[in-house]
Amino acid sequence: MSQIKVAIMMGSQSDAPTMSEAAKILTDFGVANEMKVLSAHRTPKECAQYAEELKGRGVKVVICGAGGSAALAGVVAAHTSLPVIGIPIESTALNGMDSLLSTVQMPPGVPVAAVAIGKPGAKNAALLALRIMALSDAEIEKKLAKYRDDQREKILKTKLT
């Protein structure tokens, strides 16, 4: 792994256990990624600057996770033309439903792809990022095909007692 292909952003350090699920899958696929804590509300200038610089650095996809108002993915999407995938982080107040609704309710012209709440969403965000990159990367496409085959075989070998 060398040049960062996927930027993983989160609103606070407490989001790291969820977001690390995405990083693990990307790393397993040999895709360089970096994790960064930047808040849409508490560090808006730094968040915008980071998002604006990603494409020039060769990043292909951005994965953003945030809870509560979950504004991070939308703010990032407003500052880059890269695909942005939003992960609603499970919150204590509404179990992530507030985060989910904030992530999917984007105005026309500022698209954010949203996945499931929490760790399952983080895993799917990584897999969606890989599918996006596989459109122009045959190596990733092959690894995804093997991953799907492995998942299929695992299910077919399941024995119920």
Side-chain angles (χ1 to χ4, degrees), residues 1-38 50-51 53-68 70 72-74 76-77 80-92 94-106 110-161:
M1 293 193 304
S2 56
Q3 183 181 356
I4 302 300
K5 296 293 182 191
V6 179
I8 300 172
M9 300 174 67
M10 64 199 85
S12 71
Q13 180 64 34
S14 63
D15 301 333
T18 297
M19 301 308 286
S20 64
E21 296 292 331
K24 181 182 181 324
I25 288 177
L26 293 167
T27 300
D28 288 349
F29 272 79
V31 173
N33 60 89
E34 69 182 9
M35 292 177 57
K36 186 96 169 157
V37 176
L38 286 169
Y50 180 76
E53 294 172 352
L54 290 173
K55 190 170 185 179
R57 293 178 45 213
V59 171
K60 302 295 183 197
V61 181
V62 187
I63 298 174
C64 296
L72 183 61
V76 170
T80 186
S81 60
L82 295 172
V84 176
I85 303 168
I87 303 169
I89 301 293
E90 191 170 348
S91 59
T92 54
L94 298 171
N95 297 320
M97 282 303 296
D98 51 344
S99 308
L100 175 64
L101 294 173
S102 295
T103 302
V104 299
Q105 285 299 106
M106 294 303 303
V110 188
V112 170
V115 292
I117 297 168
K119 291 182 180 184
K123 292 174 182 179
N124 276 341
L127 292 166
L128 180 55
L130 290 165
R131 285 181 175 201
I132 291 167
M133 291 184 295
L135 292 170
S136 60
D137 187 320
E139 183 68 26
I140 293 175
E141 185 178 23
K142 276 195 269 184
K143 289 178 181 180
L144 276 170
K146 182 181 180 332
Y147 178 84
R148 284 190 305 271
D149 287 345
D150 291 347
Q151 294 294 305
R152 179 180 171 274
E153 289 300 318
K154 184 177 176 181
I155 294 298
L156 292 175
K157 290 179 181 176
T158 301
K159 302 241 189 264
L160 300 175
T161 55

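Small disclaimer: the values here were computed from a predicted structure and weren't measured. Below, all heavy atoms of this structure are taken into account, side chains as well, without hydrogens, waters or symmetry copies.
The environment of CZ in Arg148 is crowded: more than 12 heavy-atom neighbours from other residues, nucleotides or ligands sit within 6.0 Å. Around the CD atom of Glu34, the shell of radius 6.0 Å holds more than 12 heavy atoms that belong to other residues, nucleotides or ligands.
Rounding to the nearest 0.5 Å places OG of Ser12 at 10.0 Å from CG of Leu72. Taken to the nearest 0.5 Å, the CG atom of Leu144 stands 12.5 Å off from the NZ atom of Lys142. Atom CD1 of Ile8 and atom CD1 of Ile87 lie 7.5 Å apart (nearest 0.5 Å). To the nearest 0.5 Å, atom CZ of residue Arg152 and atom CG of residue Asp149 are 7.0 Å apart. In this structure, CE in Met35 is found 12.0 Å from CE in Met9, a value given to the nearest 0.5 Å. Distance check: Asn124 CG to Ile63 CD1 gives 10.5 Å after rounding to the nearest 0.5 Å.
Contact detail for Gly96 and Pro88: the closest heavy-atom pair is O-CB, 4.3 Å. Shown here for Ala77 and Val110, the closest heavy-atom pair between the two residues is CB-CG1, 3.7 Å. For Val59 against Ala7, the heavy-atom pair with the smallest separation is CG1-N, 3.8 Å. What you find for Ile140 and Ala134 is that their closest heavy atoms are CG2-CB, 4.0 Å. Between Ile4 and Arg57, the shortest heavy-atom distance links the atoms CG1-NH2, 4.1 Å. Residues Val84 and Ala73 come closest through the heavy atom pair CG1-O, 3.7 Å.
Side-chain contact between Lys123 and Val115 is absent, with no heavy-atom pair separated by less than 4.5 Å. Side chains of Lys60 and Asp137 form no contact here, defined as non-hydrogen atoms less than 4.5 Å apart. The shortest distance between side-chain heavy atoms of Leu130 and Ile25 falls below 4.5 Å.
Judged by distance alone, the side chain of Thr27 and the main-chain N or O of Ala23 form a donor-acceptor pair under 3.5 Å. Between the side chain of Ser99 and the backbone N or O of Ile89 there is at least one donor-acceptor pair closer than 3.5 Å. Of the possible polar contacts, none joining the Thr18 side chain to the Lys119 backbone as a donor-acceptor pair under 3.5 Å is found. Side-chain N or O atoms of Lys143 include one that pairs as donor or acceptor with a backbone N or O of Phe29 at under 3.5 Å. The backbone N or O of Gly121 lies less than 3.5 Å from no partner atom in the side chain of Glu21, so there is not a single donor-acceptor pair. At least one donor-acceptor pair closer than 3.5 Å links the side chain of Asp15 to the backbone N or O of Gly11.
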Please determine whether side-chain hydrogen bond (donor to acceptor under 3.5 Å, both in side chains) holds for the pair Ser81 and Lys55, giving the CA-CA distance in whole Å, both sets of side-chain angles, and the decisive distance to 0.1 Å.
CA-CA 8 Å; Ser81 60; Lys55 190 170 185 179; 3.3 Å; yes
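Ion pair Lys146/Asp150 flagged as a salt bridge, since at least one NZ, NE, NH1 or NH2 atom sits closer than 4.0 Å to an Asp/Glu carboxylate oxygen.
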